Amino acid sequence: MPGKDLPKAYDASTVEDAIYAEWEASGMFNPDNLPDRNQSGEPYCIMMPPPNRTGTLHMGHASMLAIEDLLIRFHRMQGKKTLWVPGTDHAAISTQVKVEQLLIKEGMKDPRKELGREAFLQKVVAFAEGSANTIRNQVRKMGSSCDWSRERYTFDDDRNVAVNALFKMMHEDGIIERGYRVVNWDPQFQTTLSDDEVLTKETTAKLLTFTYDADFPIAISTTRPETKFGDTAVAVHPDDARYKEFIGKTFTPMFCGKQISVTVIADVAVDPTFGTGALGVTPAHSMVDADMAVRHELPTVVVIGADGKMTAEAGPSYAGLTVKEAREKVEHQLEQQGLLQKMEEIPQNLPVAERGGGVVEQLPMRQWFIRVNRPFALRQDTLGKWKQGDDVTLKELMTYAVESGQTSIMPDRFRKTYFHWINNLRDWCISRQIWFGHQIPVWYKGDDTRVSPTSPGDGWERDPDTLDTWFSSGAWTFSALGWPNKEEWQKYRAYHPTAVLETGYDILFFWVARMILMSAYAIGEVPFKDVYLHGLVRDEQGRKMSKSLGNVLDPLDLIPKYGTDAVRLSLLMGSTPGQDVKLSEAKVEGFRNFTNKLWNISRFILLSTEGTGGEGQKTLADRWIIDRLNTATASVTKKLERYEFSSAGEELRDFTWNDFADWYLEIAKVEGGKDAVLRQVLKTLLPLWHPFMPFVTEHIWKEMGSDTPLIITPWPAANGLGEGDTQDAMRFEILRSLVTDARRLRAENGVEPAKQVEITLTASGTVKKLVEENQRVISHLIRASAISIADAAPEGWATTVSGTTTVALNLTGAVDVEKERAKSAKELTEARAYAESLRAKLANEEFTSKAPAHVVAGMKEKLEEAEGKIEALEK
RNA sequence: GGACGCUUAGCUCAGUUGGUUAGAGCGUCUCGUUUACACCGAGAAGGCCGUAGGUUCGAGCCCUACAGCGUCCACCA
């Protein structure tokens, strides 16, 4: 629409919200409302990794949303029946800790005690709801085309039904079991933790070497002397000659006022070269020792309680002391008794809680576990390998799902990490003593136990514990699709296995592995066909973004400033699977510039062409740009199918900016009659860009007067603009190099850009014909007043060789003589000064005798060069 | 201790089964208001592809060793 008012600069902030609202209102995020071609298309489903309801979204989430939305839009346009399910995660311990910290900040001392379970939970729920609203708004801001009518929450009623059903099944199959074992215990938050929720912190510790008492014949080393009240054995290596005579004997030494009983055992796990080669075994407070205790049938003595204080087992003078106090006291007492042989500082990895950061103790407790190595009878045919009733273990299921390629992990190297993790996987402790989460559906009455979501009757008491948050998120792919409700699940069955799980590589173990476990177990198939692991978003120096470093880039700050499209592009470009992506504001700004470029390309086309007509004879340039676009379309499509977003985007940008804008648009200004081609190219280009930058493309699409929204416009076919002519494309490339060479020649000879020059080309054959036919274009592109073709370059003209052609420029009158003279004068002065300084250096004998020969030789060469330049300038 | 990744232009990164002269963006320098865009255009400079060996007609790519940086897992009590 010529004459229409289109702003010179694209302002994302004025259009994005309205466009999102239109999309949402049109219902196109919901697969049921898509056009017929999608209805008959293949189902394509992505489960959004549910962000934790602990606050707001960060750049990692923005990256996830950009990638998933790109995939969904691409496949939607390709005619698939696309479903993207949004959701949030209750995140159990994280959310509870967060709220607790907030309440403490508000002045409470011990919020849980002060409020009680009900009131405290109300606070958590209120906070989580507020957080969910923020998240919903942010997900929308990113332009995510997810189906809001199917939003899920890992802690909503239907998901609770799924969790309970899953728990019951696993309990019946004997893979969920209650047991008394050593677990990770967080004394700060009074709950168990899974192995994956425990991190290590590097510190130093005192390593004490001592004997339990004066009569005990073997010295041991430890950094945890206070746990030694719980020792029930001393382990040595079976081949260690020093201790051979003691193996099998039991001693009852008096350790710091408490009599203990230790048997000397031989175990190959002991390193004879470390310390004294003997190790005090504490089955209650070390998982490694606990394993050893099982092998040697050792008794367990608990000396540290759940409150983090010493128990009565540590003797009357230690009971009630904190671990730290006890450690100091033992050290002191050993020293006084003369039992301490050595004390040294050694580096130590201290186990700490992922949330909260408190020191984690290992101690035995009665908890619920998922047994990963226990065989059970399958309820259905599974993974195409096992039949109903076959005996397998969960580990076998997890391994086979990936090994068989039913789930493929990108990048490939994470397969190894995955298998390694599975091999070392221990039983998964799933019960937590926190309040916020799915309560364990188990009831007790005396010695009776009943698994049920509701009370079995009078006198039954429910297990107060809740489930590890990953238990419910492990079921996410199928619980979010209605399982175990038969009717619902039937409706969504075709969407499972989901197409791809796209998430950060940091939660491969936490989540990805557990989803495979749950899905293979419960429904006999993998949860997703592909796993795409994106990198972490880091700052421009590659550091993690953190509040303390002050280097956090917030998507919500960047979006109003640069637009969502620019933010999306900067997260998609330069990002390859598993590779961390570095983000800086300058990068976002660069892509903002690109969105504006696309806008202005469109603006030019919209303002300078008619909606219809203008179909002139196709020229060389037309056939070239069509060929280039067809090639780019095919290549971009292929790359997107392979998850090569960055590469696809770069190719598109290259086409858009270099080929289309810098060459074709310039030519269009001279040749005219290009309305049809210009509009056709734009009409193909906008869909190609849409998955990357949905807003600006949809906006332009509307301005073009299209009747269907871009979001459901079919993806361009590779030869959508007709057969491109490759021969002509190659001919045009010859022209391009001619023009480029001529431009360089102009610049090298200091031709004022505004000046028109006369150009002669010595060309023959096809090139000659090419030049003759495209004289107007060439003269426009290199600002030539006249172009002629000759057999030889005229005498005195500046020349350069371009392929088989010689380009010659008549510089007469093209150079600003005054300016050139001033410039040469300046250069001459500089060159003389440089030469002088070199001569001075070379004249210095002290320098020439000391400096290496090649340095001196190099300086002589440079001097010659400078002298040559001076000579040339003086002419 | 085990495993993995990275090292290419000043910066951030591509580089597809080894094959002509190693690419892009940003930055730098020079020039420029030519009726889409200065959030722009034209041109230029800038690389012993971490180090040292090896395989090959040929190596940024394959092999070996080493160095630096980073990540994960396990953990010595």
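Proteins get letters first, then strands, A, B, ... in listed order; numbering begins at 1 in each. As the structure is a computational prediction, the values presented were derived from the model and not from experiment.
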Exercise. With ring centroids as reference points, do A:Trp689 and A:Phe692 lie under 6.0 angstrom apart?
Worked result: yes
For this session: Could you tell me whether the side chain of A:Asn424 has a donor or acceptor atom within less than 3.5 Å of a complementary atom in the base of B:C73?
Result: no
Seminar exercise, completed: Rounded to whole Å, the CG-P distance (A:Asp196 to B:C73) equals 8 Å
Exercise. Counting only distance, no hydrogens or angles, is the base of B:C4 paired donor-acceptor with the side chain of A:Arg413 under 3.5 Å?
Worked result: no
Exercise. Is there a donor-acceptor pair under 3.5 Å between the side chain of A:Asn424 and the backbone N or O of A:His420?
Worked result: yes
For this session: Under 3.5 Å for both distances, Watson-Crick or G-U wobble, that's the pair rule; now give the dot-bracket for RNA chain B, with | marking pairs to another strand and [ ] for crossing ones.
Result: (((((((..((((.....[...)))).(((((.......))))).....(((((..]....))))))))))))....
For this session: State whether the side chain of A:Ser647 and the backbone N or O of A:Glu644 hold a donor-acceptor pair below 3.5 Å, judged by distance alone.
Result: no
Exercise. Could you give the CG-to-P distance, from A:Asp580 to B:G5, as a whole number of Å?
Worked result: 15 Å
Exercise. Between A:Glu361 and A:Arg224, does at least one N-O distance fall below 4.0 Å, as a salt bridge requires?
Worked result: yes
For this session: For the pair A:Trp470 and A:Phe510, name the ring-plane relationship: parallel under 30°, tilted 30 to 60°, perpendicular over 60°.
Result: parallel
Exercise. Would A:Arg736 and A:Asp662 pass as an ion pair if we require N to O under 4.0 Å?
Worked result: no
For this session: Take the protein atom CZ of A:Phe655 and the nucleotide atom P of B:A24, then report the distance between them rounded to whole Å.
Result: 18 Å
For this session: Classify the side chain of A:Lys8 and the base of B:C37 as holding, or not holding, a donor-acceptor pair under 3.5 Å.
Result: no
Exercise. Among the nucleotides B:G41, B:A36, B:C76, which one has an atom lying closest to any side-chain atom of A:Arg603?
Worked result: B:A36
